[in-house]
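Proteins get letters first, then strands, A, B, ... in listed order; numbering begins at 1 in each.
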Amino acid sequence: MTVRTRFAPSPTGYLHIGGVRTALFNWLLARQAGGQFILRIDDTDAKRNVAEALQPILDGFAWLGLDWDEGPTRDGLGSQGPHGSYFQSERLDQYQAAAQQLLDSGHAYRDYATPAETAAEREAAEKEKRDFIYSRKWMAENDEQAAAFEAEGRKSVVRLKMPREGKCEFHDLIRGPVSIDWAREQDHVIQRNDGTCLYHLASVVDDHDLQITHVIRAIEHLSNTPRQIFIFNALNYELPEFAHIPFVAEPGSKTKLSKRKIEKYLKNREFKQLYNRGEAIAKRVGIEPDPLSFNPVLVDFYRETGFLADAIVNYLLLLGWSLDDKTEMFSRDEMTQAFSLERVVKNEASFDPAKLAAFQGRYMNQLAADPKVKMCEEFLLRAGVIQEPILEATQSKIADVVNAADDRIEMAGDILQFEGFFVAATDLELDEKAFQKRLVKPENVGHLLAEYRKTLAATDDFSAPNMELVLKTWVEQQGIKIGDVIHALRVALTGKPAGFGMFESMEVLGKEECLERIGAALEKLQHAQNRVDA
RNA sequence: GGCCCCUUCGUCUAGCGGUCUAGGACUCCGCCCUUUCACGGCGGCAACACGGGUUCGAGUCCCGUAGGGGUCACCA
């Protein structure tokens with residue numbers, strides 16, 4: 001039997017990092033067994049813009065490389081696969097047929113209670129501190145009863161007629177043997193009066209129709225399992241395997257990670273730090289950094305800031321699963337090989353933004369020069385630092401900067417920290433604090449820079465090694481230390497107090513640009529000093 | 001509240017009765033490297049929730065307690 005797993009997102013408009021982790025485990029199990037991974041759209045709640053709300057989710061899966069064998073088409077407008085539609089909203093006929101079958105076999109009944117009446121029973125039970133079990137007072141077991149209720153003007157829903165004694169026992173691939181009292185279960189509604197069907201019914205029917213062999217989902221579904229097993233059995237469907245994985249918890253907590261509590265997470269230092277970095281990049285590339293729709297809980301955040309999909313997947317893999325006490329880096333093939341449900345840890349795992357960033361750093365360092373340059377180029381373009389068509393000179397400068405920046409570019413968007421290399425000398429903004437500290441404050445640095453500039457003007461070889469030689473020689477002649485001038489030089493050339501190697505910076509800039517920038521800085525210094533004198 | 005689940009450094013985890021004075025990774029803190037910032041190297045802080053058993057021996061098995069969490073819909 002070929003392994004078939006599924007992930008069933010609701011079209012909500014964004015892809016949650018915890019959901020991706022669940023999807024990843026499903027994907028891994030299917031790929032490992034050479035089976036199929038299926039995407040099914042849980043839109044029983046039928047909202048208008050399903051396609052629109054689905055798109056970001058499909059984009060996320062595609063970007064992460066979690067390819068699906070069957071499910072919606074890439075554009076979210078249709079379905080692809082041998083089982084008809086993969087949208088629950090388009091499978092109502094099947095659900096209704098199943099509901100009818102359940103009714104016919106006595107596993108379900110028409111219930112004519114009004115919502116107010118069931119609510120009243122529920123409240124009464126609560127008041128008496130006993131478990132609520134529906135009285136079935138408005139249950140119609142045959143057509144006569146139904147007709148009588150209808151004569152009163154009542155409307156019906158279809159409820160499951162659940163067992164009220166004994167236990168539902170099943171084996172969970174992660175939790176082991178599970179035993180839950182049937183009496184805990186309610187007579188769940190599976191079909192509304194308007195004919196639409198609810199999740200549990202739809203889910204079971206779909207899992208059967210799609211021949212799902214392993215249902216891997218978050219632990220919060222564990223308590224739903226008995227009623228689903230009841231439906232599987234009542235319909236004579238073969239039971240799939242169940243595996244309930246723990247959920248992803250908030251940073252530094254064991255509460256389920258939620259996309260609604262971003263304000264709270266922002267109080268977490270590491271979460272905040274990651275968010276701030278992303279926000280800075282987002283602003284530059286024209287994304288409105290609304291914490292509700294753009295934050296480290298959502299996959300989009302990572303794509304938009306220049307993360308590598310592999311880094312995220314690798315991090316997520318290790319969130320609740322491990323191979324041993326040392327292996328951390330897994331290629332897709334390696335993780336596909338190594339993954340096993342047996343080694344999924346049973347307790348919930350907190351999302352750790354800092355560790356995710358650390359994985360990103362490692363993956364970025366391993367990335368070949370070409371794709372890295374390509375990624376960075378895109379950010380420069382989107383931020384308007386460079387324009388299309390990209391000149392050959394610009395192209396090679398990007399490569400030079402990326403190469404020199406080395407691991408300082410952790411996410412591709414970090415390239416924007418080096419945008420100063422791409423602007424004209426006159427447009428270069430000098431960091432005010434650094435300017436004060438390195439140029440205004442030190443005695444005589446202006447004079448030194450002016451002198452040094454003369455030396456540079458007489459130099460033609462601007463390669464980094466030569467720049468180093470020239471500066472060192474010059475410094476020696478002046479009888480000063482390199483530190484006496486190099487900081488001012490950095491600010492003058494790059495506008496920033498920190499960055500990659502000074503000599504590499506000079507090489508990237510080239511002679512003309514270096515002279516101009518030093519000149520411009522000197523001029524600015526002059527103004528500043530005049531102001532002080534006056 | 002009922003029911004169910006979980007519990008090793010701040011975080012992710014290794015550990016499946018003796019090799020545990022508990023190992024790795026991230027974070028944090030030192031030091032080194034160094035023109036800055038990063039990287040890197042070296043080092044450090046830091047955990048078996050508690051109490052009873054079982055056993056020659058318990059982080060590892062059992063039972064309680066505590067804490068945390070999930071779930072109790074005409075949501076998914």
**Message:** If you assign A/H188 and A/H200 each to the RNA chain B nucleotide with the nearest heavy atom, which residue ends up on the more 5' nucleotide?
**Reply:**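 Per heavy-atom nearest nucleotide, the more 5' residue is A/H188.
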**Item:** 5' precedence on RNA chain B between A/R408 and A/K346 (nearest-nucleotide basis)
**Value:** A/K346
**Message:** Between the base of B/rC3 and the side chain of A/R184, is one N or O donor paired with an acceptor at under 3.5 angstrom?
**Reply:** no
Partner residues of [X] under the ring-ring contact (aromatic ring centres under 6.0 Å, His included) criterion, sequence neighbours left out:
| X | answer |
| --- | --- |
| A/F330 | A/W321 |
| A/F61 | A/F7 |
| A/F307 | A/Y302 |

Closest to side chain of [X], choosing from [options]:
| X | options | result |
| --- | --- | --- |
| A/P115 | B/rU13, B/rC74, B/rC6 | B/rC74 |
| A/A498 | B/rU36, B/rG15, B/rG68 | B/rU36 |
| A/N224 | B/rG68, B/rC74, B/rA76 | B/rA76 |
| A/A349 | B/rC6, B/rC12, B/rA38 | B/rC12 |
| A/R192 | B/rG69, B/rA76, B/rC37 | B/rA76 |
| A/N347 | B/rC5, B/rU7, B/rA76 | B/rU7 |

Base, sugar-phosphate, or nothing for [X], non-hydrogen atoms under 4.0 angstrom?
| X | result |
| --- | --- |
| A/K496 | nothing |
| A/R40 | nothing |
| A/H244 | nothing |
| A/V345 | sugar-phosphate |
| A/A113 | base |
| A/K129 | nothing |

Starting from [atom2] on [N], measure out to [atom1] on [X] and report it in whole angstrom.
| X | N | atom1 | atom2 | answer |
| --- | --- | --- | --- | --- |
| A/E220 | B/rA73 | CD | P | 16 Å |
| A/E121 | B/rC74 | CD | P | 12 Å |
| A/L257 | B/rC12 | CG | C1' | 15 Å |
| A/D111 | B/rC74 | CG | P | 10 Å |
| A/F132 | B/rU71 | CZ | C1' | 16 Å |
| A/D431 | B/rC37 | CG | C1' | 13 Å |
| A/I133 | B/rC3 | CD1 | C1' | 12 Å |
| A/L160 | B/rA73 | CG | P | 14 Å |

**Prompt:** Under 3.5 Å, is there a donor-acceptor pair linking the side chains of A/R227 and A/H188?
**Reply:**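 Yes, A/H188 and A/R227 have a side-chain donor paired with an acceptor closer than 3.5 Å.
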OP1 or OP2 of [N] under 4.0 Å from side-chain N/O of [X]:
| X | N | result |
| --- | --- | --- |
| A/R130 | B/rG2 | no |
| A/T255 | B/rG69 | yes |
| A/S350 | B/rC12 | yes |
| A/R122 | B/rG2 | no |

Spacing of the [atom1] atoms in [M] and [N] (rounded, Å):
| N | M | atom1 | answer |
| --- | --- | --- | --- |
| B/rU21 | B/rC16 | P | 14 Å |
| B/rA38 | B/rC48 | P | 33 Å |
| B/rC26 | B/rC33 | C1' | 23 Å |
| B/rG40 | B/rA25 | P | 12 Å |
| B/rC28 | B/rA46 | C1' | 10 Å |
| B/rU55 | B/rC61 | C1' | 10 Å |

Parallel, tilted or perpendicular for [X] and [Y], by the 30°/60° rule?
| X | Y | answer |
| --- | --- | --- |
| A/Y134 | A/W138 | parallel |
| A/H221 | A/Y199 | tilted |
| A/W474 | A/Y452 | tilted |

Counting only Watson-Crick or G-U wobble pairs whose two distances fall under 3.5 Å, which nucleotide matches [N]?
| N | answer |
| --- | --- |
| B/rU34 | none |
| B/rC3 | B/rG70 |
| B/rC61 | B/rG53 |
| B/rC20 | none |

**Item:** Selection: residues 319-326 of chain A, any non-hydrogen atom under 4.0 Å of RNA chain B
**Value:** A/L319, A/G320, A/S322, A/D324, A/D325
**Request:** Dump the intermediate steps for side-chain hydrogen bond (donor to acceptor under 3.5 Å, both in side chains) on A/Y265 and A/N295, then the final yes or no.
**Result:** CA-CA 10 Å; A/Y265 306 156; A/N295 65 65; over 6 Å; no
**Request:** List the protein contact pattern of nucleotides 25-35 of chain B with one symbol per nucleotide (5' to 3'): B for base contact, S for sugar-phosphate-only contact, - for none; contact means a heavy-atom distance under 4.0 Å.
**Result:** BSSS------B
What donor-acceptor contacts under 3.5 angstrom involve side-chain atoms of residues 483-490 of chain A, with partners at least two apart or in another chain?
| from | atom 1 | to | atom 2 | distance (Å) |
| --- | --- | --- | --- | --- |
| A/D484 | OD2 | A/K481 | N | 3.0 |
| A/R490 | NH1 | A/F500 | O | 2.9 |
| A/R490 | NH2 | A/F500 | O | 3.3 |

**Message:** So if I apply the salt bridge (Lys or Arg N to Asp or Glu O under 4.0 Å) rule between A/D187 and each of A/K137, A/R110, A/R164, which one comes out positive?
**Reply:** A/R164
**Request:** Start with the C-alpha distance between A/F25 and A/F339, add both sets of side-chain angles, then the distance that settles ring pair (Phe, Tyr, Trp, His ring centres under 6.0 Å), and finish with yes or no.
**Result:** CA-CA 8 Å; A/F25 286 7; A/F339 185 74; 5.0 Å; yes
**Request:** Could you tell me whether A/H208 and A/F232 have their ring centroids closer than 6.0 angstrom?
**Result:**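 No: the rings miss the under 6.0 Å criterion.
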**Message:** For a quick test of reading the model, state the closest non-hydrogen atom pair linking A/F247 to A/I219 and the distance between them.
**Reply:** CD2-CG2, 3.5 Å
